[in-house]
Amino acid sequence: MHCFRTIDEPSGLTFTATERPGGIRVVTLVGDIDAATVETFDEALATGERLVVDLTRVAFLSCAGVRSLLEANARTRIAVVVGGHAVTRSLEATGADVLLEIHSRVGAALAELTPVPEPGREA
């Protein structure tokens, strides 16, 4: 058994997207985010006014993936959900953890992005 993928082994990334009340799109990613899969990651982040990006099932996040997160954050409001040490380390090493809204649970990220109704107005 080995812990590292060699260059000859395929990498993969899949995502699902669901719409939540309040116009929040939750994107759940599974796999590795690296040079070979960053196009798929960019596709996952391409639409939505408010995005919850669930990276709890991502085993690896490269600098290209961090750049994609920061670019998405510049054009829309995002909250990132992390669960693994490797993803957290990538965000911390690049300083992206200071620029992004980071959460440990999807529920907390949804709460962060849910619009608060103005007093006297119904939601």
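Count residues from 1 along the sequence.
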Report task. Decide side chain to side chain contact (heavy atoms under 4.5 Å, CB included) for V38 and S68; before the verdict, give the C-alpha distance in whole Å, the side-chain angles of both, and the deciding distance to 0.1 Å. Result -> CA-CA 8 Å; V38 75; S68 292; 3.4 Å; yes
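- The nearest pair of heavy atoms linking D54 to T56 is OD1-OG1, 2.7 Å.
- Hydrophobic clustering of Ile, Leu, Val, Met, Phe, Trp and Tyr side chains at less than 4.5 Å, counting indirect connections, unites V27 with L55.
- With respect to E112 and R77, a salt bridge is recorded, a charged nitrogen being found less than 4.0 Å from a carboxylate O.
- Residues L99 and N73 share a closest heavy-atom pair of O-ND2, 3.5 Å.
- Put simply, F41 and L91 are part of the same group of oily side chains (I, L, V, M, F, W, Y) that touch within less than 4.5 Å, one to the next.
- The environment of CD in E39 is sparse: at most 12 heavy-atom neighbours from other residues, nucleotides or ligands sit within 6.0 Å.
- Linking ILVMFWY side-chain heavy atoms closer than 4.5 Å, directly or via other members, places V58 and I78 in a single hydrophobic cluster.
- Nearest heavy atoms, R20 versus L110: NH1-CD1, 3.0 Å.
- Summarising the geometry, atom CG belonging to L69 is positioned 7.0 Å from atom CD1 belonging to I33; distances are rounded to the nearest 0.5 Å.
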Requested in this report: Show your reasoning for whether side chain to side chain contact (heavy atoms under 4.5 Å, CB included) applies to T28 and V106.
Outcome: CA-CA 10 Å; T28 303; V106 171; over 6 Å; no
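- Inter-residue side-chain proximity for R75 and L45 is flagged as met; some heavy-atom pair is nearer than 4.5 Å.
- A pairwise comparison of heavy atoms in G48 and T76 identifies O-OG1, 2.9 Å as the closest pair.
- For the atom pair OG1 (T47) and CD (E19), the distance works out to 7.0 Å, reported to the nearest 0.5 Å.
- Atom CD of E71 has more than 12 neighbouring heavy atoms from other residues, nucleotides or ligands inside a 6.0 Å radius.
- Of all heavy-atom pairs spanning L61 and S90, the tightest one is O-OG, 2.7 Å.
- Under a hydrophobic-cluster definition in which Ile, Leu, Val, Met, Phe, Trp and Tyr are linked whenever side-chain heavy atoms come within less than 4.5 Å, directly or via other members, V30 and L51 are assigned to different clusters.
- The line from OG1 of T14 to CZ of R57 is 7.5 Å long, rounded to the nearest 0.5 Å.
- Minimum interatomic distance between A109 and A79 (heavy atoms only, all atoms of both residues): CB-CB, 3.8 Å.
- Put simply, V26 and V81 are part of the same group of oily side chains (I, L, V, M, F, W, Y) that touch within less than 4.5 Å, one to the next.
- Across V87, D97, V53, a single residue satisfies side-chain contact (heavy atoms from CB on, under 4.5 Å) together with V82, and that is V87.
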